[in-house]
**Student:** 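Attaching a single structure in structure tokens format; questions to follow.
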Amino acid sequence: MNNKKIVVFLEKYLPSPFSIAFLLTLISIILAFFFTKSPEESTFYFIDILGFWEKGFWELLSFTMQMSLILLLGHVLAISPIMKKLTSGITQYCTSTAKAAFIISFTAIFISYINWGMCLIIGAVFVREVGEYAIRNGIKISYPILGAAGYSGMMTWHGGFSGSAPLVVSQPGHFLESKMGVLPISETLLSPLNIVVFLSTIIIIPAFFYLIGKKTAAKHDISEYHFLIEKTDGSKLNSNEDSDSQNLDQKRWPALVLGLLVVLLSLIKAFESSSDSFLGFINLNYVNFLLFGLGILLHGSFKNFLKAVENAIHGISGIIIQFPLYAGIMGIMKYSGLVGVFSEAIVSISNTHTFPLLTLFSGALVNTFVPSGGGQWAVQGPILIEAANQLNVSTAKTVMALSYGDQLTNMLQPFWALPLLGITRLKAAQIFPYSLSVLLVGALIYSSLLLIF
């Protein structure tokens, strides 16, 4: 079955991301009921599990708002006229699916090693910009392949300088310090293993996308995505009709003042950062604050900025309604002890040589239900580090193995794809055939290098 037939099949039968979240919720409830109940548990354990789900449901509200803003503000920035001019220098080289997929994937992976939040939004914006460039210039291109390329950075981020687990264990006083000590990033992020992983992923994965693009470039065109320009062209949003108006919303100076203040404060925070990790000051709040200032600044007036917000806001719905479902799944996994069951099962069949590889697989499995790097380390870390100590396996290698597993199944999990889908207007079924192929390539890279080092 070729990729075109796979896309048609998935578009027909693959449930929406919301339905997938619902199915994962049911699976989590069933697994928790059968695998975490002890003889002493109440006969009403099913009700207890629902309580775990409801408790978790509300635990990521602030995170949901952060993700909603990063999607909204990133979209607003993407459709500003100035941003289109800035990206034209790169997009002019994206004259075919193969070239565009290579450039987009390389960019997304490179940025992912700097910061995952920046990768998430810049990858999506870049895909959209290339799509609009192709439409304007009549270039036939496979837009879904570009979407998967823009998402590929989410399969590499945890080995970068915003990786949750490596950064947590590098800080004195972290919750597992008594069992593993403090691991500087020289033993994790800057270890020979991770440096080779970085070089391998940033070469092999873009090359893989280039080959996919070469094979499929002549079979697709982007005409069906004409609405990208018709509905969101920045020039239409920013018509300079307000030159003689006295309305404050239409004046340029208020947007200039507020935008510059926000950007200036962001720069000051960067210079004053006391974080021990490289670019450690960049978190979701920092990215959102900077995007807010740049969005206002680049749209030139409050009126234009608010028009862009109104245009972009439709893409938030998926995040607002789906993130609480995944938070509920995390609640079940965490409070029922199901994560521990998964991890201990993997540990029980491990030995010194296979433990890092099985840690990778356990991280990949748990990430399907708990798509949060920091949350996953908090619940899996104690079990894995205890096992690593018993098997005399490097704790640094264990941390990185879990990190690789956590990021790997992002290519299978629509949770993190929601911002990209909202900005690019693609469907999960359209990018999954390609992202799943990349998952297999990534699994081969990570597994091989964990066995070699």
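Counting begins at 1 with the first residue of the sequence.
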**Student:** Can you name the side-chain contact (heavy atoms from CB on, under 4.5 Å) partners of Leu190, sequence neighbours left out?
**Tutor:** Phe161, Ile185
**Student:** Partners of Phe57 by ring pair (Phe, Tyr, Trp, His ring centres under 6.0 Å), sequence neighbours excluded?
**Tutor:** Trp53
**Student:** Is the backbone N or O of Ile385 less than 3.5 Å from a side-chain atom of Thr395, with the two atoms forming a donor-acceptor pair by type?
**Tutor:** no
**Student:** Closer than 3.5 angstrom, by distance alone: can the side chain of His174 be matched with the main-chain N or O of Gly181 as a donor-acceptor pair?
**Tutor:** yes
**Student:** Is it the case that atom CG in Leu61 sees more than 12 heavy atoms from other parts of the structure closer than 6.0 Å?
**Tutor:** yes
**Student:** For the pair Tyr286 (side chain) and Ser266 (backbone), establish whether a donor and an acceptor sit closer than 3.5 Å, ignoring hydrogens and angles.
**Tutor:** yes
**Student:** Quick check for you: to the nearest 0.5 Å, what is the distance between Thr354 atom OG1 and Phe361 atom CZ?
**Tutor:** 10.5 Å
**Student:** Excluding sequence neighbours, so at least two apart, what forms side-chain hydrogen bond (donor to acceptor under 3.5 Å, both in side chains) with Ser448?
**Tutor:** none
**Student:** Give a yes or no on this: more than 12 heavy atoms of other residues, nucleotides or ligands lie within 6.0 Å of atom CZ of Phe302.
**Tutor:** yes
**Student:** Under the side-chain hydrogen bond (donor to acceptor under 3.5 Å, both in side chains) rule, collect the residues that match up with Ser200, sequence neighbours excluded.
**Tutor:** none
**Student:** Using side chain to side chain contact (heavy atoms under 4.5 Å, CB included), reason through Ile111 and Phe106 one step at a time and then give a plain yes or no.
**Tutor:** CA-CA 9 Å; Ile111 294 174; Phe106 184 93; over 6 Å; no
**Student:** Go through Val182 and Gln171 one step at a time and tell me if the side chain to side chain contact (heavy atoms under 4.5 Å, CB included) criterion holds.
**Tutor:** CA-CA 7 Å; Val182 175; Gln171 302 299 317; over 6 Å; no
**Student:** For Glu54, what residues pass the side-chain hydrogen bond (donor to acceptor under 3.5 Å, both in side chains) criterion, not counting sequence neighbours?
**Tutor:** Trp58
**Student:** Under 3.5 Å, is there a donor-acceptor pair linking the side chains of Thr359 and Thr398?
**Tutor:** no
**Student:** Are side-chain heavy atoms of Val438 and Tyr434 found at a separation under 4.5 Å?
**Tutor:** no
**Student:** Which residues pass the side-chain contact (heavy atoms from CB on, under 4.5 Å) test with Ile90, not counting sequence neighbours?
**Tutor:** Ile103, Phe126
**Student:** Quick check for you: to the nearest 0.5 Å, what is the distance between Asp406 atom CG and Leu402 atom CG?
**Tutor:** 6.5 Å
**Student:** Going by side-chain contact (heavy atoms from CB on, under 4.5 Å), name the residues that satisfy it together with Phe102, two or more places apart in sequence or in a different chain.
**Tutor:** Pro206, Tyr210
**Student:** Say whether Asn288 and Gln66, considering side chains only, have a donor N or O and an acceptor N or O under 3.5 Å apart.
**Tutor:** no
**Student:** Ignoring hydrogens, what is the shortest heavy-atom contact between Ser336 and Tyr45? Give both atom names and the distance.
**Tutor:** CB-OH, 3.8 Å
**Student:** Under the criterion side chain to side chain contact (heavy atoms under 4.5 Å, CB included), I'd like the reasoning laid out for Leu260 against Leu297: C-alpha separation, chi angles, the key distance, then a yes or no.
**Tutor:** CA-CA 7 Å; Leu260 286 176; Leu297 192 63; 4.0 Å; yes
**Student:** Please name all residues satisfying side-chain contact (heavy atoms from CB on, under 4.5 Å) with Ser191, sequence neighbours left out, ordered by chain then number.
**Tutor:** Leu193, Asn194
**Student:** Kindly indicate whether the side chain of Leu421, heavy atoms from C-beta on, has any atom under 4.5 Å from the side chain of Ile431.
**Tutor:** yes
**Student:** Has Ser447 got a side-chain atom pairing as donor or acceptor with Leu444's backbone, closer than 3.5 angstrom?
**Tutor:** no
**Student:** Is there a donor-acceptor contact under 3.5 Å from the side chain of Thr368 to the main chain of Ala364?
**Tutor:** yes
**Student:** Rounded to the nearest 0.5 Å, what separates atom CG in Leu211 from atom NZ in Lys215?
**Tutor:** 10.0 Å
**Student:** Establish, yes or no, whether the cationic atom of Lys55 lies under 6.0 Å from the six-membered ring centre of Tyr335 and within 45° of the ring axis.
**Tutor:** yes
**Student:** Measure from the side-chain N and O atoms of Tyr151 to the backbone N and O of Asn410, and report whether any donor-acceptor pair falls under 3.5 Å.
**Tutor:** yes
**Student:** Which atom pair, heavy atoms only, marks the closest approach of Ser28 to Ile332?
**Tutor:** O-CG2, 3.7 Å
**Student:** Between Ser435 (side chain only) and Met411 (backbone N and O only), is there a donor and an acceptor less than 3.5 Å apart?
**Tutor:** yes
**Student:** Using 0.5 Å steps for rounding, measure from the SG atom of Cys94 to the CD1 atom of Ile104.
**Tutor:** 5.5 Å
**Student:** Is Phe208 close to Ile212 at the side-chain level, that is, under 4.5 Å between some pair of heavy atoms?
**Tutor:** yes
**Student:** Ignoring hydrogens and geometry, is there a side-chain-to-backbone donor-acceptor pair from His158 to Ser164 under 3.5 Å?
**Tutor:** yes
**Student:** Around atom CZ of Phe175, are there more than 12 heavy atoms of other residues, nucleotides or ligands at under 6.0 Å?
**Tutor:** yes
**Student:** Would you say that Phe305 contacts Leu298 through its side chain, given a criterion of any heavy-atom pair below 4.5 Å between the two side chains?
**Tutor:** no
**Student:** Below 4.5 Å, heavy atoms only, C-beta onward: do Met155 and Ile205 meet side chain to side chain?
**Tutor:** yes
**Student:** Let me confirm one number: the CG-CZ distance from Leu426 to Arg128, rounded to the nearest 0.5 Å.
**Tutor:** 10.0 Å
**Student:** With distance as the sole criterion, is a donor-acceptor pair present between the side chains of Thr201 and Thr156 under 3.5 Å?
**Tutor:** no
**Student:** Run through Val309, Leu291, Leu77 and flag the one making a side-chain contact (heavy atoms from CB on, under 4.5 Å) with Leu72.
**Tutor:** Val309
**Student:** Compare all side-chain heavy atoms of Ser105 with those of Ser152 and state whether any distance is below 4.5 angstrom.
**Tutor:** yes
**Student:** Hey, would you say the Trp157 and Trp416 ring centroids sit under 6.0 Å apart?
**Tutor:** no
**Student:** Restricting to non-hydrogen atoms, name the atom on Val341 and the atom on Phe35 that form the minimum distance, rounded to 0.1 Å.
**Tutor:** CG2-O, 3.7 Å
**Student:** The criterion is ring pair (Phe, Tyr, Trp, His ring centres under 6.0 Å); which residues satisfy it with Tyr404, sequence neighbours excluded?
**Tutor:** Tyr446
**Student:** If every non-hydrogen atom of Pro419 is compared with every non-hydrogen atom of Leu120, which pair is closest and at what distance?
**Tutor:** CG-CD2, 3.9 Å
**Student:** Look up atom SG in Cys119 and atom CH2 in Trp116, then write down how far apart they are to the nearest 0.5 Å.
**Tutor:** 9.5 Å
**Student:** Using every non-hydrogen atom in the two residues, find where Ala443 and Leu408 come nearest and quote the distance to one decimal.
**Tutor:** N-CD1, 3.5 Å
**Student:** Side-chain contact test, heavy atoms from C-beta onward, threshold under 4.5 Å: evaluate it for Ser112 versus Met154 and give yes or no.
**Tutor:** no
**Student:** Might you point out which heavy atoms bring Leu338 and Ala32 nearest each other, and give the distance in Å?
**Tutor:** CD2-N, 3.9 Å
**Student:** Please list all pairs passing the salt bridge (Lys or Arg N to Asp or Glu O under 4.0 Å) test where one or both residues lie in residues 386-401, with sequence neighbours left out.
**Tutor:** Lys179-Glu386
**Student:** Just checking, is any N or O donor in the side chain of Ser162 or Tyr113 under 3.5 Å from an acceptor N or O on the other one?
**Tutor:** no
**Student:** Suppose we screen for salt bridge (Lys or Arg N to Asp or Glu O under 4.0 Å). Which residues come up paired with Glu187, at least two apart in sequence or across chains?
**Tutor:** none
**Student:** Tell me whether Gln413 contacts the main-chain N or O of Thr409 through its side chain, where contact means a donor paired with an acceptor under 3.5 Å.
**Tutor:** no
**Student:** What residues form a ring pair (Phe, Tyr, Trp, His ring centres under 6.0 Å) with Tyr326, not counting sequence neighbours?
**Tutor:** Phe415
**Student:** Would you mind reporting whether Phe209 and Leu146 have side-chain heavy atoms less than 4.5 Å apart?
**Tutor:** no
